[in-house]
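Note that ligands are numbered from 1 as they come in the structure, with each ligand's atoms numbered from 1 the same way.
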Amino acid sequence: MSATFNFKGKSVFIVGGTSGINLGIARGFARWGAKVAVASRKQEKVDAAVAELKELGAEAYGVTFDVRDSEAVVEGFKQVSGFFGGSIDVLVSGAAGNFPAQVNDMSTNAIRSVVEIDLLGTFHVMKASYEYLTKPGASVINISAPQAFLPMSHQAHVCSAKAGVDMATRTLAMEWGGEGIRVNSIVPGPIAETEGMSRLAPTPELAKQVTKTVPLGRQGTVDDIANAAGMLASDAASYISGAILPVDGGWSQSGATYAMAILADTLNNMKK
Ligand code: HXC
Ligand code: NAP
């Protein structure tokens with residue numbers, strides 16, 4: 001269920017905001033009255049997301065870029081700031097890639113693709129955003145994952161990249177805090193009906209195992225993450241910066257490790 005916030009007159013840019021969790025965040029801000037922009041690689045996904053956000057009543061805009069291409073990211077921010085006609089009040093950076101594979105089974109390019117999207121992409125987005133962020137007052141939210149602080153088999157690329165994302169969050173909270181910019185990470189738990197879960201728990205049996213390992217007894221919804229983003233972007237969080245916030249029903253206390261060990265066993269048995 002969606003919480004209630006008021007973001008009327010605010011401009012919100014969600015990078016990677018065209019599907020799954022991040023589109024859920026975009027929908028949340030659209031419902032709460034913000035002007036919303038989204039970006040990702042595929043034009044058709046951008047167009048569909050913008051159309052959906054407009055249907056929710058938001059002024060919405062989309063740009064297409066790959067976060068691995070720093071120049072394209074800079075150009076995208078220029079276009080988005082033109083659409084906003086001013087600065088960016090809320091920035092969500094959530095573009096990511098993931099597939100389960102052991103280090104021995106990944107080429108340099110396989111590792112590079114995830115590290116470049118998740119970590120280098122975050123740096124590109126943070127750097128390109130800086131000149132447009134509302135100073136003081138902007139809220140920057142990076143979308144992390146439990147892999148950032150829990151080692152998981154078949155996830156070394158994501159674990160390494162998302163750990164870097166959280167350290168970038170904490171460092172930028174220090175570097176930008178003096179100008180009144182808050183920087184935080186949200187760590188989603190297992191979120192139902194998302195690409196991430198279809199990759200990491202691809203069978204109904206694995207999905208059930210994941211649900212059993214969540215202390216609150218259910219997988220999360222995209223609205224759960226949107227609500228946390230709304231809270232972090234709101235005045236209620238005006239003294240919160242540098243925080244790494246799990247929104248995961250308690251999963252990262254221990255269940256995540258257990259569920260991912262089951263996935264690793266399943267994948268290893270498939271290899272035999
Ligand atoms: C080993 C693999 C592989 C696999 C791809 N590769 N899948 N290697 N095992 N299962 C290798 C390829 O062979 C290639 O290496 C390299 O990775 C790059 O693959 P491309 O397909 O050329 O890359 P690209 O088109 O850039 O796509 C990037 C991607 C893709 C990450 C591989 O899956 C993607 O676009 N993902 C975006 C959507 C996504 O992943 N969403 C889920 C996010 S969930 P070679 O050597 O052959 O060139 C998440 C956390 C979830 O992030 C946490 C849940 C708890
Ligand atoms: P998703 O639907 O695949 O979302 C990824 C988004 O990023 C899409 O809009 C995608 O669109 C875009 N994207 C991917 N690569 C990109 C690139 N190189 N440049 C620009 N945009 C790119 O996945 P999701 O499962 O909802 O995950 C969303 C976020 O939540 C990710 O940061 C993920 O790590 C995190 N997370 C997810 C879960 C979960 O349960 N699903 C758990 C923990 C953390 P295009 O394909 O058009 O580029």
* Structure fact -> Closest to atom 45 (P) of ligand 1 among protein heavy atoms sits Ser107 OG, 3.6 Å

* **Distance from atom 51 (C) of ligand 1 to nearest protein heavy atom, with residue and atom** => Asn98 ND2, 3.7 Å

* May I ask you to identify, for Arg41, whether its side chain, its backbone, both or neither come under 4.0 Å of ligand 1 on a heavy-atom basis? => side chain

* **Top protein contact for atom 17 (O) of ligand 1, by heavy-atom distance** => Ala110 CA, 3.2 Å

* Between Ser144 and ligand 2, which residue portion shows a heavy-atom distance shorter than 4.0 Å: side chain, backbone, both, or neither? -> backbone

* Select one of side chain, backbone, both or neither to describe which atoms of Ala101 lie under 4.0 Å from any atom of ligand 1, heavy atoms only. => side chain

* To do: Select one of side chain, backbone, both or neither to describe which atoms of Asp66 lie under 4.0 Å from any atom of ligand 2, heavy atoms only.
  => both

* Structure fact -> Nearest heavy-atom contact between Asp248 and Val187 is CB-O, 4.3 Å

* To do: Decide whether the shortest distance between a heavy atom of Gly94 and an atom of ligand 2 is less than 4.0 Å.
  => yes

* Structure fact -> Within the 4.0 Å heavy-atom cut-off, what Lys45 brings close to ligand 2 is side chain

* Over-ring placement of Lys10 relative to Phe29, 6.0 Å and 45° cut-offs -> no

* Asked: If you measure from atom 35 (C) of ligand 2 to every heavy atom of Ile143, Ile117, Leu23, which option wins on shortest distance?
  -> Ile143

* Structure fact -> Nearest non-hydrogen contact to atom 43 (C) of ligand 1 from the set Gly20, Ser19, Ala96 belongs to Ala96

* To do: For Lys162 and ligand 2, answer yes if some heavy atom of the residue is under 4.0 Å from a ligand atom, otherwise no.
  => yes

* Can you label the angle between the Phe77 ring and the Phe13 ring as parallel, tilted or perpendicular, going by 30° and 60°? => perpendicular

* To do: List the closest protein heavy-atom neighbour of atom 28 (C) of ligand 1: residue, atom name, distance to the nearest 0.1 Å.
  => Ile117 CD1, 3.9 Å

* Around atom 23 (O) of ligand 1, find the nearest protein heavy atom and jot down its residue, atom name and distance. => Ser113 CB, 4.6 Å

